[in-house]
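Throughout, a chain's letter reflects where its sequence line sits, starting with A, and its residues are numbered from 1. Keep in mind that what you see is a predicted model, and the values were worked out from it rather than measured.
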Protein chains: 2
Amino acid sequence: MSASSRFAVAVHILALLETNANQALSSSSIAASVNTNPVVIRRILGRLNKAGLVHTEYGADGGTRLARSAHEITLNDIYRATENCRILPLHASSPNQDCRCGRTIQPVLSTIFSNAEAAMQQVLANKSLAEVVREMQAEAKPQACS
Amino acid sequence: MSASSRFAVAVHILALLETNANQALSSSSIAASVNTNPVVIRRILGRLNKAGLVHTEYGADGGTRLARSAHEITLNDIYRATENCRILPLHASSPNQDCRCGRTIQPVLSTIFSNAEAAMQQVLANKSLAEVVREMQAEAKPQACS
DNA sequence: TGAATATGAAACAAGTATAGTTACATTTTA
DNA sequence: TAAAATGTAACTATACTTGTTTCATATTCA
């Protein structure tokens with residue numbers, strides 16, 4: 001029932017693009033930060049491209065940049081670009097339609113599951129990429145203690 | 001990772017137990033409504049048993065009953081009993097710790113993902129099994145039209 | 001007591017998704 | 001034209017879920 005790690009990697013990629021906004025980054029250089037294969041990065045960049053979150057250029061000196069300001073990208077934008085499925089799936093095979101319970105459970109659950117997923121996405125929608133980058137910079141600094 | 005339908009099936013099972021509260025149900029009869037194998041049902045019942053949501057008895061005339069009132073069982077109780085993992089996973093392998101972004105992304109994401117998951121579970125916690133059964137009964141009746 | 005009926009658990013197969021890798025065609029720039 | 005980059009296909013390994021068979025164990029009742 002879990003999502004994939006694509007979402008986490010996608011946020012990582014976009015945070016990296018934001019902190020290096022002066023240049024286009026290649027999939028290889030991104031892969032070095034994520035610690036994985038460049039093709040894995042390119043697969044995720046393909047989704048982010050299709051969603052209009054990044055802009056990629058071919059060729060020598062090519063690479064990827066953010067397509068819009070980090071203030072205008074929410075984590076939910078990234079989530080929807082990278083994950084396919086309902087996070088709370090219904091039955092694998094259809095319940096027995098000759099049973100009253102089997103007939104009625106799925107429409108009821110479908111509504112509830114949609115509401116639950118919407119609540120999760122609302123939290124993501126309230127967090128921008130810019131905020132994430134700011135929190136990462138705070139994380140990098142030593143904490144003041146009392 | 002493929003998604004698990006255990007949660008949906010577990011709600012189905014418990015709704016069936018509630019609507020047949022006068023008798024203990026065998027895994028075979030439950031399986032007939034869910035349209036699957038009795039062993040699949042017993043695996044899920046094992047989790048529900050461990051969580052204290054149902055009570056199972058061996059032997060002829062055995063079977064499973066709700067361990068407490070349907071008003072006192074929330075969908076989040078069922079969710080936590082049946083699903084293991086974080087719903088929004090972090091990176092599959094640890095990012096590059098020599099990169100500032102690689103070092104700081106995971107603690108930041110971990111907090112955000114926890115908040116998002118908590119919002120989802122809050123929706124589930126606000127819905128009792130009794131409400132689900134009521135909605136299923138409403139679903140079974142023909143709708144009045146205007 | 002012994003047959004019948006349950007559960008619990010182990011073992012296995014099939015299906016599906018992810019993550020990682022290699023390889024190669026294509027595009028762009030110098 | 002060479003170099004550097006993307007996009008994509010194909011393959012492997014891994015992991016999880018679902019479904020299935022099998023069998024030991026517990027309980028009830030004739």
Side-chain angles (χ1 to χ4, degrees), chain A residues 1-10 12-13 17 20 23-51 54-65 67 82-96, chain B residues 1-10 12-13 17 23-32 34-51 54-65 67 82-96:
Chain A
M1 55 135 313
S2 57
S4 69
S5 66
R6 274 195 303 270
F7 177 39
V9 173
H12 184 152
I13 291 171
L17 293 179
N20 296 272
Q23 55 188 328
L25 295 187
S26 70
S27 61
S28 295
S29 61
I30 298 172
S33 172
V34 174
N35 193 26
T36 185
N37 191 289
V39 175
V40 172
I41 301 299
R42 291 205 288 270
R43 282 201 280 245
I44 295 172
L45 284 177
R47 293 175 184 252
L48 298 175
N49 244 306
K50 201 189 302 183
V54 300
H55 183 246
T56 293
E57 278 172 4
Y58 265 59
D61 235 47
T64 302
R65 298 171 186 271
T82 50
E83 298 294 335
N84 311 319
C85 307
R86 295 287 300 270
I87 206 140
L88 295 175
L90 296 176
H91 306 55
S93 45
S94 189
N96 183 354
Chain B
M1 330 226 149
S2 33
S4 159
S5 64
R6 276 195 303 269
F7 178 40
V9 173
H12 185 153
I13 291 171
L17 293 179
Q23 56 188 328
L25 295 187
S26 69
S27 60
S28 295
S29 61
I30 297 172
V34 174
N35 193 26
T36 187
N37 190 289
V39 175
V40 173
I41 301 299
R42 291 206 287 271
R43 281 202 280 244
I44 295 172
L45 284 176
R47 292 176 185 250
L48 298 175
N49 243 307
K50 200 188 300 181
V54 300
H55 184 246
T56 293
E57 277 171 5
Y58 265 59
D61 235 46
T64 302
R65 298 170 186 273
T82 51
E83 299 295 338
N84 310 319
C85 309
R86 293 288 301 269
I87 207 148
L88 295 175
L90 295 177
H91 306 54
S93 45
S94 189
N96 182 353

Practice task
Taking the side chain as every heavy atom from C-beta outward, state whether A/Val9 and B/His91 have any pair of such atoms under 4.5 Å apart.
Solution key: yes

Practice task
Select base, sugar-phosphate, or nothing to describe what A/Arg6 touches, counting heavy atoms under 4.0 Å on all strands.
Solution key: sugar-phosphate

Exercise for the section: Mind checking A/Asp61 for me? I need base, sugar-phosphate or nothing, with any heavy atom below 4.0 Å counting as a touch. Expected result: nothing

Practice task
Look at B/Ser27 and C/dT7 and indicate whether a side-chain polar atom (N or O) is within less than 4.0 Å of OP1 or OP2.
Solution key: yes

Handout entry: Exam field: side chain A/Asn35 to backbone B/Ser94, donor-acceptor pair closer than 3.5 Å
Key = yes

Problem - Residue whose nearest DNA chain C nucleotide is more 5′ - A/Thr36 or A/Gly59 - result: A/Thr36

Practice task
Take A/Val40 and B/Thr64, find for each the nucleotide of DNA chain C with the closest heavy atom, and name the residue whose nucleotide sits nearer the 5' end.
Solution key: B/Thr64

Exercise for the section: Indicate whether OP1 or OP2 belonging to D/dG7 is found under 4.0 Å from a side-chain N or O atom of A/Arg42. Expected result: no

Problem - Between B/Arg43 and B/Asn37, a side-chain donor and acceptor under 3.5 Å - result: no

Handout entry: Any B/Ser5 side-chain N or O less than 4.0 Å from OP1/OP2 of D/dT18
Key = yes

Problem - A/Arg43 side chain, from C-beta outward: closest of C/dT18, C/dG20, C/dG8 - result: C/dG20

Fill in the blank from the handout: Side-chain atoms of A/Val39 come closest, of D/dT27, D/dA4, C/dT21, to C/dT21

Completion exercise
Among the nucleotides C/dG8, D/dT21, C/dT21, whichever has the atom closest to the side chain of B/Asn37 is D/dT21

Exercise for the section: Would you indicate whether the side-chain heavy atoms of B/Ile13 and B/Thr64 approach each other to under 4.5 Å? Expected result: no

Completion exercise
Which of D/dA5, D/dT28, D/dT20 is nearest the side chain of A/Ser26? It is D/dA5

Problem - Closest nucleotide among D/dT6, D/dT17, C/dT5 to the B/Asn84 side chain - result: D/dT17

Problem - Distance below 4.0 Å between A/Ser93 side-chain N/O and D/dG19 OP1 or OP2 - result: yes

